[in-house]
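Everything on this sheet refers to the single structure shown next.
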Amino acid sequence: MMIKKKKLIFRNFGLLLLIVPFFLVSCENINQTTELKLAHGLDPSHPVHKGMVYMGQVLEEISEGKMKLEIYPSGQLGTEQQNVELLQIGSLAITKVSAAVLESFTDNYQVLGLPYIFKSKEHSYKVLDGEIGEELLLSIDRYNMRGLCFYDAGARSFYTINKPINHPDDLKGMKIRVMQSQTAMGLIRAMGGSATPISWGELYTALQSGVVDGAENNPPSLYTSHHYEVCKYYSINEHTMVPDVLVVSTVVWNKLTDQEKKWLSEAAKRSVPKQRELWAESERESLRIVQENGVVINYPDKAPFAERVEPMIAEYEKRPELYDLIKRIREVE
């Protein structure tokens, strides 16, 4: 579900009226302890959730118990969109969103979703941990959100039902599920496939019934979603590396003391390398399990895929501010 650009969305206003009283205070001082509510849609076994748990442990440790995170996983407090809405009005302190979702607020985030914008995982870390990453985290401030850090969400590759994808030509005539992102849809079309936006929760049924021929995502998502039960080919071409973003409500942030802001920022920063370790471990384990369950994994040459989508990059020459960002990312060593 897309979030309309540069607007607060209250399509589910009735639902919000029910939810908001429960979250009336996202940052509350009880006996000089500040508790921040963090909600997201991932399973507790997910490495991103575990990274948040570690962040909470660090926060409590460095603040000597004066700050704590109260984490609600698995969509307990609403969908990703609803969590963003609650965050914007200050009824929720922190949530996790894909960088693709933030395209709806600022165009700069489109660049992170471009195919092969990063030369490697190590390159992506240098970009996101550096000056460019800091600029992106702060670029959503006008929408009542502030980025705390980037979490690893892996590289997205194709998984399909009936055949492997060894070359972009193999995608011709195939319906591939994508996120509600213009960049993601453009990528599939550039490679010759038919981009089909479907919500994550409906994808298993769509694969099982043949509404789509495949999807694209990272190894832990293929495993935890049970999509490997239907899709028996996983072609690791790693066309995009779209990170997750941990965001805090500026309504809540502005109520924190300077010391509390330092504690929260430090805890988020220290959780990043831990989350990346957890992610790498989860990827290895996920690939092992899906292989044991009959999934054939192949590693196609990435060059033809990168060549096929290069016109997408060239299109940004018409938008100098974004093309400059692309060049800056590619120049990071």
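- Between Arg276 and Asp152 there is no salt bridge, since no side-chain N of the basic residue sits under 4.0 Å from a carboxylate O of the acidic one.
- For Trp279 and Glu283, the side-chain atoms include at least one donor-acceptor pair closer than 3.5 Å.
- Other residues, nucleotides and ligands place no more than 12 heavy atoms under 6.0 Å from the CD atom of Glu64.
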Full working for side-chain contact (heavy atoms from CB on, under 4.5 Å) between Ile140 and Val247: CA-CA 9 Å; Ile140 52 175; Val247 293; 3.8 Å; yes

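- Side chain to side chain, Asp43 and Ser45 meet the donor-acceptor criterion of an N or O pair below 3.5 Å.
- By the 30° and 60° cut-offs, the orientation of the rings of Tyr143 relative to Phe105 is tilted.
- The pair Glu122-Lys126 fails the salt-bridge criterion, with no side-chain N (NZ, NE, NH1 or NH2) lying under 4.0 Å from an Asp/Glu carboxylate O.
- For the pair Asn298/Tyr234, no side-chain contact is recorded, criterion being any heavy-atom separation below 4.5 Å from C-beta on.
- Contact check on Asp169 versus Arg308 returns a salt bridge, with a Lys/Arg side-chain nitrogen under 4.0 Å from an Asp/Glu carboxylate oxygen.
- For the residue pair Glu229 / Tyr204, a side-chain donor-acceptor distance below 3.5 Å is found, with atom types taken as modelled.
- Taken from CH2 in Trp253 to CG in Asp141, the straight-line distance is 10.5 Å, to the nearest 0.5 Å.
- The pair Glu281-Arg284 fails the salt-bridge criterion, with no side-chain N (NZ, NE, NH1 or NH2) lying under 4.0 Å from an Asp/Glu carboxylate O.
- Residue Ile329 forms a side-chain contact (heavy atoms from CB on, under 4.5 Å) with just one option from Val332, Leu325, Ile326, and that option is Leu325.
- Atom CG of Asp213 is separated from atom CZ of Arg177 by 14.5 Å, given to the nearest 0.5 angstrom.
- Glu135 and Arg328 are joined by a salt bridge, as a carboxylate oxygen and a charged side-chain nitrogen come within less than 4.0 angstrom of each other.
- Residues forming a ring-ring contact (aromatic ring centres under 6.0 Å, His included) with His227 (at least two apart in sequence, or on another chain): Tyr159, Trp200.
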